[in-house]
Every structure is written in C-alpha cells, then in structure tokens.
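Just the heavy atoms: all of them, side chains too, but no hydrogens, waters or symmetry mates, feed the values below. Reminder, nothing fancy here: chain letters follow the sequence lines and each chain counts from 1.
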Amino acid sequence: MRETAFPGDLPRILLDWYDIHAREMPWRTGPADREAGVLPDPYRVWLSEIMLQQTTVVTVRDYFARFVARWPTVADLAAAEDAEVMGEWAGLGYYARARNLLKCARAVVERHGGNFPADHDSLLALPGIGPYTAAAVSSIAFDLQRTVLDGNVERVMARLHDIHTPLPAAKPELMARAKELTPAHRPGDYAQAVMDLGATICTPRSPACGICPWRDPCAARAEGTAPLLPKKTPKKPKPVRHGTVYLAQRTDGAWLLETRPEKGLLGGMLGWPGSDWLDVSEDRPAGIPPVTADWQVAAGEVRHTFTHFHLVLAIRIARVGMDAEPARGQFVSRSEFRPSDLPTVMRKAFDLSQAALTAGL
DNA sequence: GAGGCGTGGAA
DNA sequence: TTTCCAAGCCT
C-alpha cells in the first residue's frame, strides 16, 4: 500500500466532499438538517435500504414515493394486506424483499412497539435485514459507528488499497480496511459519502479519478489499476428455458390469474397459469391448460432474462363463458385487474396478448 | 461457499 | 445482441 501523509484525514476529506456533492434523495435529510444533527426517519431509511438492494437509485425513487404516500409509518405498512404490498412492489424485482418487508414491519410492531431498534444485533434479527442493512440503519438513522460494506465500499476499498484478491474471498480484508476508516463523528453521513463516491466517481467502469477527493492517497490510482478492480470470480453462462402461459378472459372481462407459491421465483406474486419452465429447445413445454377452452396460439413470444437464466415464453389466449370452472387460479374482475400489479415477465405476456388480439392473433 | 433470486440501463 | 451490473439476503 502506498503511504499517505495523513491517513487520519481521509474521512474528513470525504465528508467535506459530501457536504458539497451529496445527492438529494427523498429518504435523506437536507443540508440544514444535517448541520443541525437532525437524523432521518428510521422507517424511511430502512425502506429505502431494502429497495436499494441490487437496485439503482433512479429505479427506487418512484417506488419509495408511492410506498411512503400509501403507508407513512411502519405501523401502517404492518397493517397492510399482503396482496396490496406485493402489487405495489411489482416491477421492482427480487420479490423476497417484499415478502420480508411485510414480515419485518410486523415484527417491528410486535417486538419493538413500532419503533425500529438502533442496535446492530436487534436489526440483524429482523427478516430481510443482513449485515449491510443493519449497519446502514444503525449508522444513518441512529448515528452509531457501524461500518457498511456494500458493492460501492468494496470497490472503493479495493482501489484505495490496490487489493487484487478476487471477490468474494476479499470481503474480510475489505471490511477490515473499511472499519479502519469509519469515523466516530457523523458515521451515517460518512457511510453515505463512501457509497455516493462509489456511485458517482469511483464507478465500475471509467472511474473519474481526476476529480476524486481521494485521488492522492489512492494506491490503484498510482498503479493505474483502478479500472481493473475489484477482481471478481467469473460467473456461469445463463441457460435458456422455455415455457407456456395461458391467458383466459371471461365474458364479463375477468382474467384468470393465480398467486404463485411463497417460495421460489416470483414467489407470492400474481401470474398467469402455465407450464413449468424447462431447459429444452425442442418440444416447448405446453403444460396443461388451467381451464377447458378453445385455446389460440398468440403470434410472437415473450423473451425475458432473470438472474440465472433466459426465458422464452409462448402465449395462448382463450375466451371462456361465465360457467367456466378453472382447475387452477381464480378470476380477477376487470375493475380489480391492474397490469402494474404483475411482475414484469407476466406483464410482458399480457402486453403481447393484447397486441396479438389487436392484430387478430 | 455457492447458487437462487428481477429488472432496466449502459456500453 | 450480449454482457455487465446496482446501496444484498437467504439457504
């Protein structure tokens, strides 16, 4: 590691940068509040941190605004219906987060009287809160000296110290380096400052080292290795899976939908009944139609990529009478059906079916 | 430790 | 078009 003249100055240098460059976000307090030591609402900090897991700030903004408008407090959220919350989360992805969000809200009401605990261990015991989120809530909402280690901090530390050990093996060392720097003063602002630095300056590709407040002490900057760090173990290629979904509309306009099982892919979300999704290229799986009908094959197919596989989905459409008795799912009335309640892959299937009907299949 | 778990934007 | 990846957690 390159020696720095005043390593103890690094947190102060970054906080000075943050005071000027902090991005405005609905879950943050403004500069005046920060100056006065006013802390943000723990509920809003927690909600934003859950939404921000593996998700960009741009994407989270609108979801966060809708959630806090509909459920202003953790008690309001705890009292919500499961389907309401899953529908509001639809499109944001990683739906286990939404299931755990509700579990967590209810646990905060039951275990802690509706107030988020400040200490790391109590937070860690709540559903959906892991080491990162526990540290983030402790430091940002309660001003406790905890160290956050997210993808940004990992990248910044790997570069600052020119660490070439690949992730995830490098995590313990990166955490140790991050801990050394975490200040007792304004730890929450410092945590957000490192993450802002990683998101705007110390970016994965083409880092803007020339305008980085830490460019002088940065070892990777000196070695010219910044864009190569952190190193990561290569990931496996994604297989292609195939399947079929069935979209049935009743005479009164109601759609045949099902709530998916709690566990697994798209767990707890609304979706169209259909086949399993299999790794076969010939003989596309058709499964068994959920209701007897004159099924029509819609032109085209839905293509969608999940975390670990590509999906190609065939669509079949039918009109059914009021006497239809489906073997799976239940009819959702026209007035209650909102395409925005569907996870994206299911919304794509709906969009394709509408286009196919408009074009005469 | 490694794999499951979404989505949309950038390069 | 394909790949990479964004403020991770759970099993």
* To do: Examine Tyr246(A) together with Trp295(A) and report whether their ring centres are nearer than 6.0 Å.
  => yes

* To do: Could you state the atom-to-atom distance from CG of Leu126(A) to P of dC10(C) in whole Å?
  => 10 Å

* For Met195(A) and dA6(C), give me the distance from atom CE to atom P, rounded to whole Å. => 14 Å

* Would you mind telling me which of Arg347(A), Lys348(A), Gln354(A) makes a side-chain contact (heavy atoms from CB on, under 4.5 Å) with Asp351(A)? => Arg347(A)

* **Main-chain N/O of Met51(A) paired to Arg97(A) side chain as donor or acceptor, under 3.5 Å** => yes

* Which part of the nucleic acid, if any, lies within contact of Arg28(A), taking any heavy atom under 4.0 Å across all strands shown: a base, the sugar-phosphate backbone alone, or nothing? -> base

* Asked: So what does Met269(A) hit on the nucleic acid, given a heavy-atom distance under 4.0 Å: a base, only sugar-phosphate, or nothing?
  -> nothing

* Asked: What is the ring orientation for Phe64(A) with Trp27(A), classed by angle as parallel under 30°, tilted 30 to 60°, or perpendicular over 60°?
  -> perpendicular

* Structure fact -> Sequence neighbours excluded, the answer for salt bridge (Lys or Arg N to Asp or Glu O under 4.0 Å) partners of Arg328(A) is Glu258(A)

* Structure fact -> Between NZ of Lys238(A) and P of dG4(B) the distance, given in whole Å, is 11 Å

* Asked: Between Tyr63(A) and Arg66(A), is there a cation-pi geometry (under 6.0 Å to ring centre, at most 45° from the normal)?
  -> yes

Please list each protein N or O that sits under 3.5 Å from an N or O in nucleotides 1-3 of chain B, with the distance.
residue: dG3(B); atom: OP1; partner: Lys236(A); partner atom: NZ; Å: 3.1

* Should Lys235(A) be listed as having a side-chain N or O under 4.0 Å from OP1 or OP2 of dC5(C)? -> yes

* **Single hit among Ile50(A), Leu47(A), Leu52(A) for side-chain contact (heavy atoms from CB on, under 4.5 Å) with Val60(A)** => Leu52(A)

* Aromatic contact, Phe116(A) with Trp46(A) (centres under 6.0 Å) -> yes

* So what stems show up for DNA chain B if we need 3 or more Watson-Crick or G-U pairs in a row, all under 3.5 Å? -> B:2-5 with C:8-11, B:7-11 with C:2-6

* Would Gln53(A) and Thr133(A) count as a side chain to side chain donor-acceptor pair (under 3.5 Å) if you check the C-alpha gap in whole Å, the side-chain angles of each, and the deciding distance to 0.1 Å? -> CA-CA 9 Å; Gln53(A) 290 169 9; Thr133(A) 305; 3.1 Å; yes

* Structure fact -> Judged by nearest nucleotide, the residue sitting upstream toward the 5' end of DNA chain C, Ile129(A) or Asp150(A), is Asp150(A)

Could you tabulate the donor-acceptor pairs under 3.5 Å formed by side-chain atoms of residues 10-24 of chain A, not counting sequence neighbours?
residue: Arg12(A); atom: NH1; partner: Asp16(A); partner atom: OD2; Å: 3.1
residue: Asp19(A); atom: OD1; partner: Arg186(A); partner atom: NH2; Å: 2.8
residue: Asp19(A); atom: OD2; partner: Arg186(A); partner atom: NH1; Å: 3.3

* Asked: Atom NE2 of His310(A) to atom P of dC4(C): distance rounded to whole Å?
  -> 10 Å

* Asked: Base, backbone or nothing for each nucleotide of nucleotides 6-11 of chain B, written B, S, -, heavy atoms under 4.0 angstrom, 5' to 3'?
  -> BBS---

* Asked: Expressed in angstrom and rounded to an integer, what is the separation of Lys232(A) atom NZ from dC4(C) atom P?
  -> 11 Å

* Asked: Can you list the residues that meet the side-chain hydrogen bond (donor to acceptor under 3.5 Å, both in side chains) rule with Glu173(A), with sequence neighbours excluded?
  -> none

* Euclidean distance, atom CG of residue Leu124(A) to atom P of dC9(C) [Å, nearest integer] -> 9 Å

* Using atom P of each nucleotide, how far apart are dG6(B) and dT11(C) to the nearest Å? -> 14 Å

* Structure fact -> Nearest-nucleotide check on DNA chain C, Asn100(A) vs Leu52(A); residue mapping nearer the 5' end is Leu52(A)

